[in-house]
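Accompanying notes for the structure given below.
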Amino acid sequence: MQFTSEQRLDDGVLEREFILGEIPGTLWTPGSAAAPAPLILMAHNNGLPKSQARLVARGRHTAAYGYAVATIDAAECGDRPRSAAAEQARADLRRAMQAGEPVAEIFESLVGPLVEKAVPEWRTTLDALLALPGIGGPVGYSGWMALGIRLAAVEPRIAAAGFFAGGYVPRAQREEARQVTVPLLMLLQWDDEGNPRQRALDLFDAFGTKEKTLHANLGGHTGTPWFEGEDASRFFGRHLK
């Protein structure tokens, strides 16, 4: 892992850009800590870039609570090269949505491969992060639900997960949800036009963990209330500190 830039923010959080092989990422660490900081992996829904403003704000805010927070641009995300198949799926998706046609199978062909390619890169990143001084376990995950389900199912170092029910979850991950046994906090926007609430409720019910909490708020896809950030910090504080 090679750090390519760093800046100290007003609240003392250190923000560093890094490159790990072909994987670009951002790491936020708290200004001071007496012991190694717990780590939270943070991903935006459906692989949007790590530079997305809402993701950066969440990363900085969470690090200020005493966590090391990392995000990456996994394969086909951000400025990384896109496969012809993914670009075709995106074009098909735009056309179908404009025409009011069903989009579930198109989402399957787009999101499923993104998850398959992203998980190994996130695990490689996790290996490198835990080798850094000042960062220790346990490890949490926050964000994109389809990716988080797979990571929580296959990565034993994930101790708690916070999911945003705002993106398409492929059939494979809906089945894998039964294997997720770590404590779970799921955020649902009740009026999200792209995420039918019953589909999200069914998925919440399918998770295999005995400790799961659902927070549902009125509003559309990007309307998650600010106070959910505070509640997420309390959730991770119970399980990572």
Side-chain angles (χ1 to χ4, degrees), residues 40-50 52-55 57-59 61-62 69 71 74 77 93 97 102-108 110-116 118-119 122 140-155 158-236 238-239:
I40 296 177
L41 307 178
M42 191 168 286
H44 200 294
N45 276 3
N46 288 344
L48 290 174
K50 66 182 182 63
Q52 207 278 340
R54 286 189 296 146
L55 179 61
R58 283 170 47 216
H61 177 84
T62 304
V69 183
T71 188
C77 299
L93 182 61
M97 293 180 71
V103 295
E105 291 306 315
I106 302 175
F107 269 122
E108 284 285 335
L110 175 62
V111 180
L114 284 178
V115 170
E116 294 293 336
V119 167
W122 276 96
Y141 173 89
S142 175
W144 179 18
M145 186 153 62
L147 170 65
I149 290 171
R150 169 60 63 83
L151 270 178
V154 303
E155 177 49 73
I158 301 293
F163 294 151
F164 287 85
Y168 183 83
V169 177
R171 287 187 289 267
Q173 276 66 67
R174 279 177 260 165
E175 287 298 318
E176 285 178 322
R178 306 179 193 283
Q179 303 173 32
V180 175
T181 58
V182 298
L184 169 67
L185 172 64
M186 179 170 153
L187 302 184
L188 170 63
Q189 286 302 103
W190 202 245
D191 307 303
D192 189 341
E193 61 282 356
N195 182 44
R197 68 179 69 133
Q198 190 58 54
R199 186 173 69 193
L201 294 173
D202 290 343
L203 184 56
F204 179 77
D205 190 52
F207 283 114
T209 180
K210 299 301 182 184
E211 186 173 345
K212 52 185 173 181
T213 301
L214 174 67
H215 286 188
N217 292 283
L218 296 178
H221 183 73
T222 60
T224 303
W226 65 267
F227 56 77
E228 287 295 356
E230 306 290 335
D231 288 344
S233 294
R234 285 191 287 270
F235 166 77
F236 284 118
R238 290 195 299 272
H239 301 293

> What are the two closest heavy atoms between Thr71 and Met42, and how far apart are they?
Replying inline: OG1-O, 2.7 Å
> Does Met145 reach the side chain of Met186, with side-chain heavy atoms less than 4.5 Å apart?
Replying inline: yes
>> Within the structure provided, determine whether Val115 and Trp144 are in side-chain contact (heavy-atom separation under 4.5 Å).
In response: yes
> At their closest point, which heavy atom of Asn195 faces which heavy atom of Ala200, and how far apart are they?
Replying inline: ND2-CB, 3.8 Å
> Do the side chains of Met97 and Val103 get nearer than 4.5 Å, heavy atoms only?
Replying inline: yes
>> Could you check whether any side-chain heavy atom of His44 comes within less than 4.5 Å of a side-chain heavy atom of Lys50, counting everything from C-beta outward?
In response: no
> Would a 4.5 Å heavy-atom cut-off, applied to side chains only, mark Leu41 and Ile158 as touching?
Replying inline: yes
>> Tell me whether Glu116 is salt-bridged to Arg150, with the criterion being a basic N under 4.0 Å from an acidic carboxylate O.
In response: yes
> Under 4.5 Å between any side-chain heavy atoms of Ile149 and Val180, yes or no?
Replying inline: yes
>> Does any part of the side chain of Phe163, heavy atoms only, come nearer than 4.5 Å to the side chain of Leu185, both counted from C-beta?
In response: no
>> According to side-chain hydrogen bond (donor to acceptor under 3.5 Å, both in side chains), does anything in residues 181-192 pair up with another residue at least two apart or in another chain? List the pairs.
In response: Asp192-His221
>> So that I can tick it off, tell me whether Arg234 and Glu228 are bridged by a salt bridge, with the cut-off set at under 4.0 angstrom between side-chain N and carboxylate O.
In response: no
> Does the side chain of Phe235 reach to within under 4.5 Å of the side chain of Thr213, using non-hydrogen atoms?
Replying inline: no
